[in-house]
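Here the structure is laid out as structure tokens; the discussion comes afterwards.
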Amino acid sequence: MNNAFATRLRRAVRLITAAGVGALLSACGPAEQAPTFTFTAIPDQDESRLEQRFGKVADYLQDELGVPVAYVPVKSYPAAVTAFRNDQVQMAWFGGLSGVQARRLVPGSRAIAQGEEDTAFKSYFIANTATGLTPARDRLPEAFAEQPSFTFGAKGSTSGRLMPEFFFRERFGASPQEKFDKVGFSGDHNRTLSLVESGAYATGALNYQVWEQALKDGDIDTDKVRVIWETPAYPDYHWTVRGDLDKRFGEGFTDRVTEALLAIRDPALLAAFPRSRFVPADNDDYQAIEDTAGAIGLLD
């Protein structure tokens with residue numbers, strides 16, 4: 001039996017079984033509709049990319065878990081945290097900082113999985129070529145802080161705000177706001193890249209994977225923008241779930257969700273992130289992120 005046929009057969013069996021159970025329950029009297037397992041994600045890229053990525057995840061999880069699954073888009077990082085806090089979603093794909101913020105607001109919630117690449121994530125500091133800045137290996141060049149403007153990504157981004165600010169302060173002993181005439185928040189990594197490439201901002205910082213993917217796709221004019229420095233590694237993106245999943249969806253549901261994420265092997269699904277695979281995660285993995293955020297006042 002080929003793999004494609006086997007997959008269709010398994011799905012058919014699940015649907016027939018569900019239909020049979022539904023018919024039996026209906027014959028016995030009114031039945032409560034199965035709850036929908038909902039999840040969201042921080043909007044770190046443009047909406048079309050997010051819909052493509054997480055629509056596939058929803059389809060996959062629905063097949064694996066046997067319950068209705070829906071992806072709920074949000075417009076901002078704080079909106080993702082709020083949706084999780086208010087129980088509008090039961091799971092979220094967070095960055096390091098937004099995950100810490102969400103878990104502090106929802107006792108019992110926990111990180112369950114991260115991309116293998118997320119165990120050692122990086123940010124790139126970039127500059128418009130008109131600045132004359134050239135790549136540096138060990139640390140940001142002194143002239144980086146002498147430029148007229150700098151843009152972060154979203155205010156709640158780990159790779160586009162928290163860690164770039166941490167490394168900038170460590171290097172220059174001051175915040176970007178104290179060094180640049182103009183500091184902005186683009187809202188997402190793709191926008192940061194566009195703003196620096198166009199010259200609207202002289203410099204910026206973004207998720208290294210967004211840069212690498214755009215470079216691979218031919219969407220960067222390297223005559224106009226270049227990477228100046230890459231940060232040391234830190235933990236970042238991960239899946240976090242609320243602590244009441246088993247109560248709502250049945251004993252062992254949290255483990256089933258975790259196992260389904262760790263079992264993803266479809267290259268097309270993984271490439272949408274992009275990640276090579278998902279590996280286990282727990283709250284302790286992000287203690288350094290929480291400590292860093294507290295140190296620069298982002299958890300007040």
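If you're wondering where the values come from, they're calculated on a predicted model, not measured in any experiment. Numbering of residues begins at 1 and proceeds along the displayed sequence. Just so you know, these numbers use all the heavy atoms, side chains as well, and skip hydrogens, waters and symmetry mates.
Considering only residues two or more places apart in sequence or on other chains, Y77 meets the ring-ring contact (aromatic ring centres under 6.0 Å, His included) condition with none of them. Legend: residues meeting ring-ring contact (aromatic ring centres under 6.0 Å, His included) with F39, ordered by chain and number and at least two apart, are Y71, W239. Residues passing the salt bridge (charged side-chain N to carboxylate O under 4.0 Å, His left out) test with K122 are E230, sequence neighbours excluded. Take A200 and apply the side chain to side chain contact (heavy atoms under 4.5 Å, CB included) test, not counting sequence neighbours, and it matches L195, S198. For S76, there are no side-chain hydrogen bond (donor to acceptor under 3.5 Å, both in side chains) partners at least two apart in sequence or on another chain.
For the atom pair CG (L261) and CH2 (W93), the distance works out to 9.0 Å, reported to the nearest 0.5 Å.
In this structure, E146 does not pair ionically with K179, as no charged nitrogen and carboxylate oxygen lie closer than 4.0 Å. Ion pair D246/R256 not flagged as a salt bridge, since none of the NZ, NE, NH1 or NH2 atoms sits closer than 4.0 Å to an Asp/Glu carboxylate oxygen. Using a cut-off of 4.0 Å between Lys/Arg side-chain N and Asp/Glu carboxylate O, R277 and E116 are scored as salt-bridged.
A ring pair (Phe, Tyr, Trp, His ring centres under 6.0 Å) with Y237 is found for exactly one of F273, F121, F278, namely F121. Among T40, T254, L61, V69, the one residue that satisfies the side-chain contact (heavy atoms from CB on, under 4.5 Å) test with M91 is L61. Each of R275, E117, H189 was checked for a side-chain hydrogen bond (donor to acceptor under 3.5 Å, both in side chains) with Q209, and the lone residue meeting it is R275.
Atom CZ of R191 is surrounded by 12 or fewer heavy atoms from other residues, nucleotides or ligands within 6.0 Å. Crowding of R248 atom CZ: a count of heavy atoms from other residues, nucleotides or ligands under 6.0 Å exceeding 12.
For the residue pair R110 / T240, no side-chain donor-acceptor distance below 3.5 Å is found, with atom types taken as modelled. In this structure, a donor-acceptor pair under 3.5 Å is present between the side chains of T38 and Q90. There is no side-chain donor-acceptor pair under 3.5 Å between Q147 and T203.
Both tests hold for K182 against Y201: distance to the six-membered ring centre under 6.0 Å, angle to the ring axis within 45°.
A donor-acceptor pair is defined here as one N or O able to donate and one able to accept, closer than 3.5 Å; no such pair exists between the side chain of D217 and the backbone of D219. Side-chain atoms of S109 do not come within 3.5 Å of backbone N or O of R242 as any donor-acceptor pair. Remark: side-chain polar atoms of T231 are paired, donor with acceptor, to backbone N or O of S123 under 3.5 angstrom.
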Indicate every side-chain donor-acceptor pair of residues 164-176 with a distance under 3.5 Å to a residue at least two apart or in another chain.
residue : atom : partner : partner atom : Å
E165    : OE1  : R161    : NE           : 2.9
E165    : OE1  : R161    : NH2          : 3.4
E165    : OE2  : R169    : NE           : 2.9
E165    : OE2  : R169    : NH2          : 2.7
R171    : NE   : L140    : O            : 2.7
R171    : NH2  : L140    : O            : 3.2
R171    : NH2  : E142    : OE1          : 3.4
S175    : OG   : Q177    : N            : 3.4
S175    : OG   : E178    : N            : 3.3
S175    : OG   : E178    : OE1          : 3.2

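The shortest heavy-atom contact between L133 and P141 is CD2-CG, 4.4 Å. Between F185 and K155 the shortest heavy-atom distance is CD2-CG, 3.4 Å.
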